[in-house]
Amino acid sequence: MAFFTDLWHRIWNTTLDHRNKLTTTGGFLIGIIVTLGFKDFYPDLEASFRQRLRSLRGLSVPQILPGQADYVRLEDHTKQTSSSLHPDALDSRRSWQDAIPEGIEGLIGNTPLIKLKALSEATGCEILGKAEYLNGAGNSPKDRVALSMINLAEEEGLIKPNRGDTIYEGTVGSTGISLAAVCRARGYQAYICMPNDQASEKSELLLRLGATVERVKPASIVDQAQFVNMARKRAREHTENPNKPGKGFFADQFENSANYIAHQTSTGPEIYQQTGGQLDAFVAGAGTGGTISGVALALKPQLPNVKIVLADPQGSGLYNKVKYGVLFSPTEAEGTRRRHQVDSIVEGIGINRLTANFSAGMELIDDAVKVSDVQAMKMARWLVENEGLFLGASSAVNCVAAAELAKRMEPGSRIVTILCDPGSRHLSRFWKAAGELKPEECTFEGILGRD
């Protein structure tokens, strides 16, 4: 009898164990179903919850500025612990994957704004440089322009990818390099006309990017053999030739409004956001005039008191246009002109005619600073020695003008300027001369002519 009683208790206990396990399993499954249903009904709440979890666990929560969904911040993962293997951390990584830029177009814009420490200390003002040389296609602000011009032409049905269309442009270098890179990425050919007195590494780079390069003698804009006019002519010849595939499109960076609009809708708003609207002056040179006009059109409505200042190299007439209302340079006077273009070693900025892009924002420019070649070369050398920055000629002009302006403004004023392109693009001309200067010849006081 005892045997049967013991057997009965064993059977009963086993049954209870199974029931408990089934109940636990069933509860677990029900919990999963409820959780999934809750997730579907409350996605916003779930996102908020996960963000809160990440912040509590010390994981970086990305802060994306409005209108900058493609902006990617760098994070330091070198000190992560095993907690980074948590599913929430993996979800965070997947969300970052969604923000990975697509192609080189995704590397254009959202460039850093950096404080130039030595220049700020020397002037008593906070001088910030918009690092446009970090644009990922052609390494200059012209990346924005090239992409904008191509996008607009596509929207208007003027060009179509992968049918043999060729983009033609007259340029001294940077716009051509940006166009060549973006054209390759978007299914177009690039044909660049440029003066034959520009730094040779620019044409070499263009050739390596697959562009056709036609170097022409420097000439006045009224001459049909001038590089801009030649590019327009080549585009027309392409379109009219039935034996050539596709069409020829003249980008026309000097007169194409897509130029200044690119800076009005991206560069200017980025500067405003990066400074939190705390900005006293913006300084930039002008070649086509798109950068200074576009940024001025973006900043002035938000900051009516911000000073927009032109940095102009020697030989350019824009300084006199801003200061005195007359487009004139002494080097253009009869009997004094030594070359057909702006008489300066500086490439990329300086011009002796009004373009549509400069005119678009000209009335918003408050002042101008004239910069000599010697000042630009000394500043370029000084920036290497004191900031570790190896920049091109136009960046050096901008920094001289920013320093000159800083000396006229209240101490602590905040000035933003453009760092255009790397010095490696100017080795055979500007840096050939600037590199011969000794550091002791390039004092800050000497740059401003005060020693």
Side-chain angles (χ1 to χ4, degrees), residues 111-133 267-286 291-292 295-314 318-319 322-323 349 361 364-372 374-391 393-420 437 439-451:
T111 54
L113 187 67
I114 62 174
K115 180 177 179 178
L116 301 179
K117 296 186 293 182
L119 197 58
S120 296
E121 183 178 349
T123 60
C125 289
E126 186 179 25
I127 299 183
L128 309 177
K130 183 73 167 148
E132 287 294 276
Y133 64 89
T267 316
E270 286 173 25
I271 291 171
Y272 182 83
Q273 290 177 338
Q274 289 168 327
T275 59
Q278 302 301 308
L279 176 64
D280 298 298
F282 173 74
V283 178
T291 302
I292 193 167
V295 172
L297 287 164
L299 292 181
K300 278 287 191 179
Q302 302 293 327
L303 303 168
N305 294 324
V306 70
K307 290 179 68 69
I308 306 297
V309 179
L310 171 72
D312 210 33
Q314 66 181 53
L318 296 181
Y319 170 85
V322 172
K323 296 285 283 187
I349 57 173
L364 301 178
I365 300 175
D366 301 292
D367 202 355
V369 176
K370 176 69 73 176
V371 179
S372 71
V374 172
Q375 285 180 300
M377 289 188 291
K378 286 184 176 181
M379 176 58 79
R381 197 76 183 87
W382 190 89
L383 289 170
V384 169
E385 293 296 323
N386 295 276
E387 302 278 6
L389 286 171
F390 183 52
L391 300 171
S394 53
S395 301
V397 170
N398 288 343
C399 288
V400 172
E404 289 274 12
L405 180 63
K407 290 300 184 181
R408 307 175 195 168
M409 300 185 71
E410 291 291 327
S413 297
R414 177 179 276 182
I415 302 169
V416 172
T417 192
I418 300 292
L419 307 180
C420 304
L437 295 173
E440 55 268 26
E441 298 178 88
C442 305
T443 64
F444 182 76
E445 293 75 15
I447 293 171
L448 300 187
R450 293 174 182 158
D451 59 4

Go through the structure and list residues passing side chain to side chain contact (heavy atoms under 4.5 Å, CB included) with Ser120, not counting sequence neighbours. Lys115, Ile127
Does any N or O in the side chain of Asp280 come within less than 3.5 Å of the main-chain N or O of Arg414, such that one atom is a donor and the other an acceptor? yes
Over 12 foreign heavy atoms within 6.0 Å of CD, Glu410: no
Residues forming a salt bridge (Lys or Arg N to Asp or Glu O under 4.0 Å) with Glu385, sequence neighbours excluded: Arg381
Quick one: side chain to side chain contact (heavy atoms under 4.5 Å, CB included) partners of Ala311, sequence neighbours excluded? Val283, Val397, Asn398, Ala401
Trace of the side-chain contact (heavy atoms from CB on, under 4.5 Å) decision for Val369 with Val400: CA-CA 9 Å; Val369 176; Val400 172; 5.6 Å; no
Going through the checks in order, is the side chain to side chain donor-acceptor pair (under 3.5 Å) test met by Gln314 and Ser372? CA-CA 5 Å; Gln314 66 181 53; Ser372 71; 4.8 Å; no
Grab the two heavy atoms, one from Ile292 and one from Ala284, that are nearest each other, plus how far apart they are. CD1-O, 3.5 Å
Assess the residue pair Val416 and Val295 against the criterion (side-chain contact (heavy atoms from CB on, under 4.5 Å)); give the C-alpha distance rounded to whole Å, side-chain angles, the decisive distance to 0.1 Å, and a yes or no. CA-CA 11 Å; Val416 172; Val295 172; over 6 Å; no
Is there a side-chain contact between Leu389 and Tyr133 (heavy atoms, below 4.5 Å)? yes
Contacts of type salt bridge (Lys or Arg N to Asp or Glu O under 4.0 Å), residue Lys370, not counting sequence neighbours: Asp312
Roughly how far, to the nearest 0.5 Å, is CG of Leu405 from SG of Cys125? 7.5 Å
Ignoring hydrogens and angles, write down the donor-acceptor pairs under 3.5 Å from the side chains of residues 301-310, residues two or more places apart or on other chains.
none

For residues Gln375 and Ile447, report the shortest heavy-atom separation together with the two atoms involved. NE2-O, 2.9 Å
Main-chain N/O of Ala118 paired with Glu387 side-chain donor or acceptor, under 3.5 Å: yes
If the condition is salt bridge (Lys or Arg N to Asp or Glu O under 4.0 Å), which residues does Asp367 pass it with, not counting sequence neighbours? Lys323, Arg408
Please give me the minimum heavy-atom distance between Leu116 and Cys399, naming the atom from each residue. CD1-SG, 4.2 Å
Taking the side chain as C-beta and beyond, is there a heavy-atom pair between Tyr272 and Leu299 under 4.5 Å? yes
